[in-house]
Each structure stands twice: as structure tokens, then as C-alpha cells.
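Just below is one structure, and these are the notes that go with it.
The structure displayed is predicted, hence computed values, not measured ones. Note on naming: letters A, B, ... go to the chains in the order of the sequence lines (proteins, then strands), and numbering restarts at 1 for each one.
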Amino acid sequence: MVEKYNPIEAEPKWQKRWEESAIYHVDDNNKNPKWYALTMFPYTSGDLHIGHWYAMAPSDVYARFKRMQGYNVLHPIGFDAFGLPAENAAIKRGIHPKTWTMSNVENMRRQLKSIGAIYDWDREVITCLPEYYKWTQWFFLKLWQFGLAYRAKAPVNWCPNCQAVLANEQVVNGGCWRCETLVVRRDLEQWFFRITKYADELMRHDELDWPERIKLMQANWVGRSEGVEISFVIDYPGVEEKEISVFTTRPDTIYGVTFMVLAPEHPLVQKITTSEYKLEVETYIENARRCSEIERLSTERKKEGVFTGAYAINRLNGDKVPIWIADYVLLSYGTGAVMAVPAHDERDFVFAERYRLPVKAVVVSSRRDGDVLKEAFIENGLIVNSGHFNGMESTAAKTAIAEYVEQQGWGRRVVSYKLRDWLVSRQRYWGAPIPAVYCDKCGIVPVPEKDLPVLLPDDVEFKATGESPLKYCKSFVDTNCPNCGEAARRETDTMDTFMCSSWYFMRYTSPHFAQGAFDTDAIIKWMPTDIYTGGAEHAVMHLFYSRFFLKALRDMGLVHFGEPFKRLFNQGTVTRDHQKMSKSKGNVVNPDKYVSELGADTVRAYLMFIGPWEQGGDWDDSGIMGLSRWLGRIWSMALDKYDEVGCAAEGTQAAKDMFRLMHQTIRSVTEDMDRLRFNTMISSLMEYSNYLAKIREAGSVNVTEYREAVSVLLRLLAPTAPHFTEEVWSRLGYAYSIHNQRWPEWDSVIAQDEEILLVVQVNGKVRDKVTAPAGVTEDEAKSLALNSSKVQCFTAGKTLTQVVYVPGKLVNIVMK
RNA sequence: GCCGAAGUGGCGGAAUAGGCAGACGCGACAGUCUCAAAAACUGUUGGGGGGUGACCCUCAUGUCGGUUCGACCCCGACCUUCGGCACCA
């Protein structure tokens with residue numbers, strides 16, 4: 001008996017050996033076909049918790065699998081290092097964001113190394129370092145040059161007490177998280193990227209192997225809808241504007257308009273409100289400004305609004321309708337104004353009921369008697385009360401009314417999107433400075449490329465309020481205009497960190513390239529990524545921004561493709577007692593404890609075994625010993641001397657059966673790997689190893705044959721348990737390293753079962769199982785079934801009506 | 001409220017082109033080893049009923065219906081849980 005496997009000794013030993021022999025060094029010039037297996041890089045939060053392992057370990061297993069299949073695999077790692085938490089640490093604990101971030105990087109790097117992944121650390125990317133953010137700034141300039149960046153006013157959460165901008169997360173129950181002062185919305189001039197230019201393209205995922213639900217989410221995020229913009233005449237003397245434009249997808253209901261609703265921020269509100277309603281309207285707007293968008297859009301809230309005192313005229317029928325304001329209408333969507341048709345829209349109906357506004361039915365259904373007083377009728381139907389459009393079908397009326405409106409010059413057909421442009425300005429310190437200069441003479445001037453990076457100054461004073469210290473850093477703000485050389489001011493806003501993460505995967509391909517953001521040759525070799533794995537929380541934002549980035553770069557001629565990620569896979573989340581893990585809840589599971597007791601390989605295998613990767617699961621360590629025991633059994637099975645147990649001749653039936661299972665296992669493990677079904681992959685490896693253990697005990701195969709079967713087991717297990725298999729491999733006397741071995745291939749002839757088990761049913765119930773040769777014909781199978789004595793017990797005294805045969809599987813005898 | 005996903009033993013989960021429900025593991029129980037315990041190993045393990053026994057019958061995949069020779073799988077209605085959400089006009 002050999003001594004037991006000791007992961008605590010073996011794991012660091014092999015990690016050191018791998019590092020010394022640079023076994024995972026990725027060489028661009030390697031002639032093997034390339035495979036880019038990307039994992040979402042972690043944020044530098046401080047500690048690697050079990051959720052990180054759940055993301056990193058299985059993706060490493062997959063990358064190792066591709067590597068053994070003969071690919072030149074790039075499976076890089078880096079850190080998303082800019083962001084709010086670093087700044088909070090600075091404010092709360094007086095640690096500089098850079099110090100905090102870099103010490104977290106150091107700690108997480110150490111923890112990441114304990115996973116035993118194939119990361120090539122020479123390619124590590126850290127977004128907060130000047131050599132990285134120099135190029136983030138460069139991309140900003142490119143997008144600006146290309147006409148995709150612009151400035152506009154946009155609201156922010158503002159704490160009047162701290163005089164600082166707050167993130168949504170920093171607004172607690174409508175108040176500032178530091179001083180609880182009521183947060184208000186304040187308009188600031190900020191930078192935007194024109195992502196809406198790519199709206200239609202971003203909705204398409206034709207070539208992408210992505211989960212359907214993510215595609216759906218993204219399509220819903222773009223929210224394309226075709227409709228009509230129609231103007232109503234303002235019936236209010238002395239107003240410069242004569243019309244209000246609304247967007248509707250239901251022009252067929254325009255004769256049913258009984259009022260209009262504007263967003264509280266709509267510019268016309270101030271102009272049309274009558275003196276009588278001024279106070280009420282002002283109060284309402286003031287309250288709306290205090291509400292976050294999430295609150296405003298919550299369905300829990302009652303739909304409230306106020307009358308402006310003004311009226312508008314529906315040009316189609318001359319109806320004079322009141323104009324209201326309500327916060328359920330958003331300025332950012334459509335035209336910020338809606339025509340309300342309570343008879344045929346649920347929200348409008350609720351609003352009309354509340355304020356006793358009239359309801360006028362203009363669509364009826366033959367299927368029901370349009371009783372619109374109880375609820376809105378939102379389906380299509382026959383048009384009534386609508387002048388010469390009466391009698392038309394809704395669908396036809398939509399076109400007819402749209403055409404009529406266009407002819408009259410009252411409006412036009414438009415496509416509207418929910419998608420808004422990407423706001424990239426952040427009023428914070430810990431981010432990449434936006435490379436722009438404000439000159440009194442020349443206006444807004446881009447920083448010349450040669451002057452990049454615009455360095456984030458280190459010696460700044462952090463204010464307890466959270467206000468960006470950059471504004472007060474004279475050495476940073478004061479500069480000269482790159483254009484005219486006169487004194488000028490730097491932009492003090494920094495970039496959204498999504499900007500940093502929109503291109504990091506390209507930097508991995510040439511991380512030390514000094515002449516540009518990336519080396520085009522390397523991009524051509526590696527991009528787009530073959531697979532991208534990560535959490536579903538990035539289903540929309542990050543993935544969406546990255547796709548936009550690539551489309552923009554493609555149109556600038558900088559890259560040859562427009563989609564960064566060919567295949568996407570979202571792993572589920574690991575919960576604790578069915579709750580999300582978070583530092584505040586104190587329920588974060590730290591894997592270090594398990595790694596130091598049982599080894600990384602056991603943790604890797606256990607995480608993959610607990611269930612399908614895309615489903616995640618609740619953390620419960622009760623089963624982890626099972627995986628540790630399993631590795632222990634393989635250890636003694638492989639290393640205890642076989643010839644002590646027994647020695648058979650070559651080519652016995654037992655050997656034949658063993659090789660059949662071996663090839664079947666290679667097949668199922670390979671297929672499961674490709675589908676990222678790691679739980680079933682491990683199950684089949686367990687079945688195979690259990691079988692080999694029995695063979696070993698019986699001594700029913702030859703030593704050489706047995707050793708071959710074990711060698712296949714080890715290679716199939718190598719991606720999952722890299723240290724363990726390396727140790728066993730070396731002890732068996734094979735050459736270093738198991739990870740440079742070829743992935744076993746299966747022979748479907750050997751994998752073929754000689755006999756099949758035929759299930760025999762009577763009226764759909766299993767009554768017998770008979771073995772038949774693999775090539776059994778339909779007639780043979782049927783007669784085997786009919787001759788079964790068990791079957792005859794159930795068929796006696798009944799009439800045979802049908803015999804169903806499923807080739808190689810089942811015979812169903814139908815009796816009456 | 002809308003959209004999406006999912007409900008299978010004591011537990012995590014297998015099995016979907018409609019064809020043996022419960023693979024594999026955990027736990028539990030029994031045994032081997034031990035003075036004893038732990039560890040390790042071996043065996044049993046969905047419920048109910050029957051047989052001395054190899055076994056046999058029957059019920060069972062959230063609930064109720066439907067389609068089918070046959071349903072965890074497809075269809076309809078409902079219940080529950082978990083995710084996402086921007087009242088989208």
C-alpha cells in the first residue's frame with residue numbers, strides 16, 4: 001500500500017514546477033489552432049470567495065480540455081480595478097484607492113494561483129494602471145473623433161448637504177447614505193456615447209451561440225417599436241409652440257384620446273401651465289425630482305398626476321382634451337408625451353378612473369361586447385367612432401391612420417427605442433480621466449494622442465462627503481489649451497468603469513504592446529473569443545457595451561469583426577442558505593479553508609459536481625468529502641501494485657468489456673466537456689473508476705491493459721484535478737507532464753454494445769426486459785417480446801391490436 | 001404588474017427527437033477493522049403491499065385536465081419558488 005495522497009504537499013510543488021517550466025506560457029507563434037477561452041475578470045474587491053471559484057475553476061477545466069485537444073489556448077486573467085468601492089475605502093478608512101486596489105490585487109493574485117489554473121501571468125491586465133488606461137482614454141478620443149461622443153445634460157443624484165453626486169447604491173430610501181439628506185435630481189452636462197446608432201444591429205444575434213434568454217434580454221433592452229409621432233394642437237394663447245408631439249404604437253385608437261399626459265420634466269410644462277394650477281404643478285414636479293427612476297416606475301405606486309389647466313386639440317376629430325402631467329411618463333422615451341386612450345390602454349384606464357376622466361371606446365371585438373368601463377380593451381378589433389376609418393380592422397387602421405396623418409402633415413411614422421445613449425461621465429476620482437480640455441477661446445478640445453495618458457494625480461485630498469477631489473487638485477485642473485496654448489481647465493469627470501471592461505479582452509492578446517491599445521496581428525490571431533463565461537448579471541450592460549465598442553471599432557477600420565464573443569455561457573450563482581452572498585450579510589464562503597484542508601482539486605471537482613454549471617446552487621459542504629474520497633480511491637487504484645492482486649492473460653472478455661466502457665466514457669466525457677456539463681462528466685468518470693476498482697479487485701485483466709485503462713482515466717480527469725493527476729502520472733513513471741498529453745479519443749466500434757437491453761411493455765407498462773444482440777431486427781425483437789412468459793401473463797385473454805417497436809430500445813404490445 | 005427560468009427520494013441532482021424514473025454523490029442504516037472511536041472499506045437504502053427466496057404487484061417527477069401505444073419530457077389551466085425589469089405609450 002502506498003501512502004495516502006497529500007494535496008497540501010503536492011499542489012504547491014506542481015504549481016512551482018509548472019511555473020518554472022513555463023508550461024502555460026502562451027506563444028502567439030505556436031502553430032496549433034488558436035482557442036481563446038475568456039472568463040470575466042474579477043473586480044478587485046479584496047478576497048476571492050467561493051463565487052469566484054465557481055466562475056474560474058470550471059472555465060479553467062474547459063480551457064485545459066481544449067489545450068489537451070491540441071489547441072493553443074489563451075485563457076487569461078486580469079483585474080477590473082477602477083470603481084467606487086476603492087474610493088469608499090479611501091473616504092472611510094483613509095487608505096488611498098490605489099493602495100487599497102493594489103494590495104487587493106496582490107492578495108487575489110495569490111488566491112487565484114491556488115486554483116491551479118493555466119493563466120499565463122505575463123498577460124495579466126490591470127485596468128487602473130496608466131499603461132492600460134492610456135488606451136482607454138485613446139478609445140475615448142477615437143469615439144469622439146468618429147462622432148460617437150457628445151455632451152448633453154443628464155440628471156444625477158445630488159446630495160445638497162454633501163454637495164456631491166451619489167451613485168444609485170448610495171441613495172438609501174431617497175436619502176444620502178452619509179447624512180440622510182433628501183437626495184434630489186440635478187442636471188449636469190455630461191459625456192455620452194451614441195450607442196443608439198447601433199440599436200438595430202445590437203438586437204441581432206444571428207451568428208452568436210448565446211443563451212436564448214440573454215439574447216431576449218438584450219433585444220428587450222433595445223426595445224424597438226414601430227409607431228407614429230403625431231402632433232396635437234396646443235389650445236393655449238400666447239405660447240410660442242403650437243403643437244405637442246406624442247409617440248404612439250396605437251394610432252388606430254387616436255379617436256379615443258380623452259386626455260394627454262406629459263412627463264413632469266417636459267419643457268412645455270412650464271409654458272402651458274395656467275396660473276390657477278401653477279402651485280400644484282410646481283409641487284408635483286418638485287416631488288418627482290426627488291424620486292429615483294426606479295421608484296417612479298414602480299407599479300406598487302399609485303398612478304398620480306396633476307392637471308396643467310391647458311388643453312390640446314386632436315386634429316382628427318377636433319376633440320379638445322385636457323393636458324395632465326404624471327411621472328409614469330418618461331422624458332427619455334418617445335417624445336416624453338403620450339396621448340391617453342383609457343378605453344384601450346391599461347395604464348391610461350387606471351389614471352382615468354382615478355381622476356374621473358372620460359373613457360371613449362373606439363375598438364370593439366366581435367368576441368366580446370366591449371364593456372370598456374370595467375377594464376381596458378387592449379386587443380385588436382373593429383374600429384368604431386372614428387370617422388371614415390369606421391369598420392376597419394385595427395391592423396389596417398394603424399396603417400390607414402398613419403398614412404392619413406402623414407398626408408395631412410400632422411406627423412410621421414417613426415421607430416422608437418427604449419435604448420438610451422451611454423452616459424460615461426462619472427463625478428469621481430477613481431477612474432480613467434476623460435481626456436478633454438476646456439478652453440475659453442477654443443471651447444472643448446480633445447487631449448492630443450501624444451499627450452496620453454492624462455495621469456490621475458496621486459496626491460489629492462479625499463473629502464468625507466465623497467465629492468470628487470479632482471475638482472480641487474489645481475495641478476491637475478490647470479493646464480494649457482492643446483490648441484491655442486492659453487490657460488485652460490481639464491475635464492475632472494472620469495469614465496464609467498464599463499469603458500475599461502469593454503476592451504480588456506483585446507489587451508490580453510498583446511498586453512505589453514506599447515505602440516497602441518492592441519497589436520492588430522495578435523487581434524487577427526485571437527479574436528473574437530471562442531467562448532466567454534461569466535455571471536448573468538452582466539447579461540445586458542457589460543456585454544452590450546462591449547458589443548457596441550467592437551462595432552464602433554469595426555466601422556473605424558480598427559478591427560475586422562463586429563462581435564467580440566462567439567459563444568457565451570452564463571454560470572449560475574452560488575448562494576448560502578438560498579441567499580446571495582455579500583459582505584454585509586456576513587455569509588461569504590471563503591474557499592481557502594477547504595483548499596488548505598482538502599486541496600484545490602477537491603474543491604474544483606466538488607464545485608463542478610454539485611449541479612449543472614448554469615444553474616449554480618446553494619453552498620453546502622456536506623458532500624465535499626465524497627469527492628476527496630473519490631480521488632483517494634483513484635490514488636490507490638492507480639498506485640497500489642496491480643500484480644500483487646492478480647494477473648490475467650491479454651484479451652479476456654473482461655478486458656473487452658473494460659475497453660468498451662473506456663471508449664464509452666471517453667465519448668461521454670468529451671461530449672459533456674463541450675457542452676460544459678461538468679456534473680455529468682464527473683459522474684461518468686466516477687462510474688468508470690468504480691468499474692476499474694472492481695476489475696482490479698477481481699484481477700480479471702492483464703497488467704498492461706489495466707494500466708492503459710488507468711492512464712485514460714487520469715487524462716480524462718486531468719483538467720478537473722490538475723495537481724492530483726500530475727502527481728499520479730509522475731509516480732507511474734510517465735513523462736512530465738500529463739497536461740501535455742493528448743486528450744483520449746474514442747472508437748465508436750469498440751464503444752458499441754454487443755448486446756442491448758430491450759424493454760418490453762404491455763399497454764405502455766414495463767413487464768419484462770430481454771437481452772438481444774445489438775443488430776436485432778424488428779421482427780426478431782417483436783417475437784422475442786411476444787414470447788416472453790411474463791408478457792404472456794398480461795396478454796392472456798386479450799386481443800392484440802398493435803405492436804410498437806423503437807429500434808434498439810423497446811417493444812410495446814398494445815392489447816384490448 | 002410584465003418577461004424569463006425552474007419545481008423529481010431525507011439532500012444535491014441523473015434521465016428530454018416522447019420510450020427502463022431516481023445514474024453519480026451526500027446522508028442514514030448494517031457490517032469489516034479496532035480495547036474503543038475516528039478514518040477507510042463492503043453492503044442496503046423512494047412509498048405501500050405480497051412472497052421462505054432469486055423476486056412479484058402497485059403508487060410516485062408541484063396540482064388538475066388533455067394529446068399519445070407510451071408523458072418528468074408535448075398542450076391547457078392553476079399553485080409555488082427563483083431570477084430580470086425601464087408602467088415603453
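When rounded to the nearest whole Å, the span between CD1 of A:Ile682 and P of B:rA14 equals 13 Å. Per the geometry, CG belonging to A:Leu627 stands 11 Å off C1' belonging to B:rG12, to the nearest Å. Residue A:Gln218 contributes atom CD, which lies 15 Å from atom C1' of B:rC85 at whole-angstrom precision. Distance, A:Glu229 CD to B:rA89 P: 14 Å, rounded to whole Å. Taking atom NZ of residue A:Lys809 and atom P of nucleotide B:rC69, one finds them 19 Å apart after rounding to whole Å. Between the NZ atom of A:Lys765 and the C1' atom of B:rG19 there is a distance of 16 Å, rounded to whole Å. With rounding to whole Å, A:Ile214 atom CD1 is found 18 Å from B:rC3 atom P. Residue A:Glu671 contributes atom CD, which lies 12 Å from atom P of B:rA15 at whole-angstrom precision.
Ring geometry, A:Trp613 versus A:Tyr54: the interplanar angle exceeds 60°, so the pair is classed perpendicular (tilted spans 30 to 60°).
Mapped onto RNA chain B by nearest heavy atom, A:Val806 and A:Gly626 fall at different nucleotides, with A:Val806 at the one closer to the 5' end. Nucleotides of RNA chain B nearest to A:Lys694 and A:Gly623 differ in position, and the one nearer the 5' end is that of A:Gly623.
Nearest to the side-chain atoms of A:Thr680 among the listed nucleotides B:rC57, B:rA15, B:rA21 stands B:rA15. Among the nucleotides B:rG12, B:rG25, B:rA23, the one closest to the side chain of A:Glu687 is B:rA23. For A:Lys418, whose side chain is taken as the heavy atoms from C-beta onward, the closest listed nucleotide among B:rC26, B:rC88, B:rG4 is B:rC88. Closest to the side chain of A:Phe609, out of B:rG12, B:rA21, B:rA89, is B:rG12. For A:Met686, whose side chain is taken as the heavy atoms from C-beta onward, the closest listed nucleotide among B:rA89, B:rA14, B:rC24 is B:rC24. The nucleotide whose nearest atom lies closest to any side-chain atom of A:Leu330 is, among B:rA89, B:rC26, B:rG43, B:rA89. Checking B:rG19, B:rA40, B:rC20 against the side-chain heavy atoms of A:Val804 singles out B:rG19 as nearest. Here the side chain of A:Ser683 is nearest to one of B:rA86, B:rC41, B:rA23, namely B:rA23. Checking B:rA14, B:rC69, B:rC88 against the side-chain heavy atoms of A:Asn679 singles out B:rA14 as nearest. Closest to the A:Asn812 side chain, of the nucleotides B:rA89, B:rA86, B:rG19, is B:rG19.
Spacing between B:rA28 and B:rG19 at atom C1', rounded to whole Å, works out to 34 Å. Comparing the C1' positions of B:rU67 and B:rC57 gives an interatomic distance of 29 Å, to the nearest angstrom. Comparing the C1' positions of B:rA39 and B:rG47 gives a spacing of 34 Å, expressed to the nearest Å. Distance noted for atom P between B:rG25 and B:rA14: 15 Å (whole Å). The C1' atoms of B:rA60 and B:rC20 are separated by 15 Å, rounded to the nearest whole Å. The P atoms of B:rC73 and B:rG84 are separated by 28 Å, rounded to the nearest whole Å. Nucleotides B:rA15 and B:rG22 have their C1' atoms positioned 9 Å apart, rounded to a whole Å. Annotation: B:rA30 and B:rU16 have their P atoms spaced 37 Å apart (nearest Å).
Residue A:Trp630 is out of contact with every strand shown, counting any heavy-atom pair closer than 4.0 Å. Among the atoms of the strands shown, base atoms are found under 4.0 Å from some heavy atom of A:Lys769. Among the heavy atoms of the strands lying under 4.0 Å from A:Ile610 are primed sugar atoms or P, OP1, OP2 only; no base atom is included. Across all strands, A:Asn690 comes closer than 4.0 Å only to sugar-phosphate atoms, never to a base (heavy-atom distances). Counting any heavy atom pair closer than 4.0 Å across all strands shown, A:Val338 reaches a base atom. Looking at heavy-atom distances under 4.0 Å, A:Leu757 makes contact with a base. Looking at heavy-atom distances under 4.0 Å, A:Gly223 makes no contact with the nucleic acid at all. Among the protein residues, A:Arg224 comes within range of no part of the nucleic acid, since none of its heavy atoms lies under 4.0 Å from any strand.
In this structure the side chain of A:Leu786 reaches within 4.5 angstrom of the side chain of A:Ile813, judged on heavy atoms.
Between A:Lys215 and B:rC3, a side-chain N or O to OP1/OP2 separation shorter than 4.0 Å is absent. Phosphate proximity of B:rA89 to A:Tyr328: absent, as no side-chain N or O sits under 4.0 Å from OP1 or OP2. Within the 4.0 Å cut-off from OP1 or OP2 of B:rU58, at least one side-chain nitrogen or oxygen of A:Arg767 is found. Using a 4.0 Å cut-off, some side-chain N or O of A:Arg629 falls inside it from OP1 or OP2 of B:rG27. When the side-chain nitrogen and oxygen atoms of A:Ser225 are compared with OP1 and OP2 of B:rC88, none of them lie within a distance under 4.0 Å.
Of the N and O atoms on the side chains of A:Thr777 and A:Asp779, not one donor lies less than 3.5 Å from an acceptor on the other residue. A side-chain donor-acceptor contact under 3.5 Å links A:Ser689 and A:Trp630.
Pairing for B:rA5 goes to B:rU81, judged as Watson-Crick or G-U wobble with the two contacts each under 3.5 Å. When both pairing distances are held under 3.5 Å, B:rU42 makes a Watson-Crick or G-U pair with B:rA30. The pairing partner recorded for B:rA60 is none, the criterion being a Watson-Crick or G-U wobble arrangement whose two distances lie under 3.5 angstrom. Under the Watson-Crick or G-U wobble criterion, with both distances below 3.5 Å, B:rA37 has no partner in any strand shown. Summarising the base pairing, B:rC11 is matched to B:rG25 through a Watson-Crick or G-U wobble pair whose two defining distances lie under 3.5 Å. Under the Watson-Crick or G-U wobble criterion, with both distances below 3.5 Å, B:rC73 has no partner in any strand shown.
In this structure, A:Trp410 has its ring center no closer than 6.0 Å to that of A:Phe232. Centroid-to-centroid, the aromatic rings of A:Tyr328 and A:Phe351 come within less than 6.0 Å. The ring of A:Trp422 has its center closer than 6.0 angstrom to the ring center of A:Tyr545.
No hydrogens or angles were tested; on distance alone, nothing pairs the side chain of A:Glu212 with the base of B:rG4 as donor and acceptor under 3.5 Å.
Distance CG/A:Leu607 to CH2/A:Trp619: 5.0 Å, rounded to 0.5 Å.
Relative to the six-membered ring of A:Trp210, A:Arg547 meets both conditions, a distance below 6.0 Å and an angle of at most 45° to the axis.
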Trace of the ring-ring contact (aromatic ring centres under 6.0 Å, His included) decision for A:Tyr5 with A:Phe724: CA-CA 8 Å; A:Tyr5 173 58; A:Phe724 170 83; 4.9 Å; yes
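B:rG22: glycosidic angle beyond 90° from 0, hence anti.
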